[in-house]
Amino acid sequence: MSRKIMIYGAGHMGLAIVLGLIRKGHTDVQIVDPSESRRRLLSEQFQLSVLPKSAALGSGDLVVLAMPPQAFAEFASSGAVPRHHAGPVVSVMAGVTMSTIAKSLGVTQVIRSIPNTPSEVFQGMTVFCASPETTAENIEWTRRLFEAFGKAVWVADEALIDPATALCGGGPAFVAYIADAMQAFATSVGFDAPSAVLMTTQVLRGTAELIETTGKPAMQICREVMTPQGTTERGIKHFDEHKLHDILQAALSRSTERSRELGRTT
Ligand SMILES: NC(=O)c1ccc[n+]([C@@H]2O[C@H](COP(=O)([O-])OP(=O)(O)OC[C@H]3O[C@@H](n4cnc5c(N)ncnc54)[C@H](OP(=O)(O)O)[C@@H]3O)[C@@H](O)[C@H]2O)c1
């Protein structure tokens, strides 16, 4: 890791990436954000120096695009990244395709990825793909970048980035939605708020760990808790009667479709 990394966008994702890299001992990293209030916040909370404008890029430097997708067109025409920049361009922007990035910036080595917000606590899940021109070395290097703040899965087919956006990018929101229902239930029956948070987060963490460590199918873990005629069985029956499994899959399909729409319009 001896090349400079220039991150554009110091929001949730840009911050997670820079903190992950610093944690891994990487010092040659710079982050740019036009928002004065954001720069001040990051300086106060994390002692991070965020540049208002891009510094000059070396030809092999790695560029990370972590700005909102809507800001990309203007960014591309600003000349911050010189046309034909040789170093790989890594995008975390939802919905912006590799061909749009390649054409807009005049570059060939493009890595498109979808990380998620648990990256902020180094438990991120990033799915990424690369343009055919990207060297194996740069793909591997980028994998290590993502692994600075979580786990990473490479896919050959860019079409898989849309469902990955739904499942991994949006996943924390779907899980937090369920966590909110669990916490609301706990407080409604008399637990105090800290206990409600503790019980919910420990159940989520413990279940994830159980699925991963045992390697058992998720539905087997579910059935193992469902004693016939027991308490959990009655709750799962309620899920089944309301077709919750189908509803969750339909939500992921809708989210995937929205990612495709964004790709067509950005
Ligand atoms: N949040 C997620 O769960 C998630 C998951 C996967 C992927 N993503 C993608 O990650 C990207 C960033 O998301 P986020 O949640 O970090 O957004 P965010 O918190 O809104 O941060 C984006 C930051 O980029 C700044 N920015 C705008 N134009 C810029 C430019 N030309 N150069 C440098 N910085 C610029 C924004 O400043 P202003 O506020 O002044 O505009 C803002 O501070 C998005 O493309 C999003 O699609 C997000």
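When a residue number appears, it is its place in the shown sequence, counting from 1. In listed order, ligands and their atoms are each counted from 1.
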Pair Arg258-Glu261, salt bridge (Lys or Arg N to Asp or Glu O under 4.0 Å): steps then yes or no
CA-CA 5 Å; Arg258 179 63 186 141; Glu261 271 171 31; 2.8 Å; yes
Take Arg143 and Glu140 through the salt bridge (Lys or Arg N to Asp or Glu O under 4.0 Å) test and state the conclusion after the steps.
CA-CA 5 Å; Arg143 177 194 293 281; Glu140 211 30 56; 3.6 Å; yes
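When each of Val110, Ile17, Ile7, Leu62 is paired with Val90, the side chain to side chain contact (heavy atoms under 4.5 Å, CB included) condition holds for Leu62 and for no other.
Put simply, the side chain of Arg260 never gets that close to the backbone of Asp162: no donor and acceptor are under 3.5 Å apart. Using a distance-only test at 3.5 Å, with no hydrogens or angles considered, a donor-acceptor pair links the side chain of His85 to the main chain of Asp61.
Remark: Leu41 CG to Arg39 CZ distance equals 12.0 Å, nearest 0.5 Å.
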Could you list each nitrogen or oxygen of ligand 1 that sits under 3.5 Å from a protein nitrogen or oxygen, with the atom names and the distance?
unit_1: ligand 1; atom_1: 16 (O); unit_2: His12; atom_2: N; d: 2.9
unit_1: ligand 1; atom_1: 16 (O); unit_2: Met13; atom_2: N; d: 2.9
unit_1: ligand 1; atom_1: 19 (O); unit_2: His12; atom_2: N; d: 3.2
unit_1: ligand 1; atom_1: 19 (O); unit_2: His12; atom_2: ND1; d: 3.1
unit_1: ligand 1; atom_1: 34 (N); unit_2: Gly9; atom_2: N; d: 3.3
unit_1: ligand 1; atom_1: 37 (O); unit_2: Asp33; atom_2: OD1; d: 3.3
unit_1: ligand 1; atom_1: 43 (O); unit_2: Asp33; atom_2: OD1; d: 3.3
unit_1: ligand 1; atom_1: 43 (O); unit_2: Asp33; atom_2: OD2; d: 2.7
unit_1: ligand 1; atom_1: 45 (O); unit_2: Met67; atom_2: O; d: 2.7
unit_1: ligand 1; atom_1: 47 (O); unit_2: Ala94; atom_2: N; d: 3.0

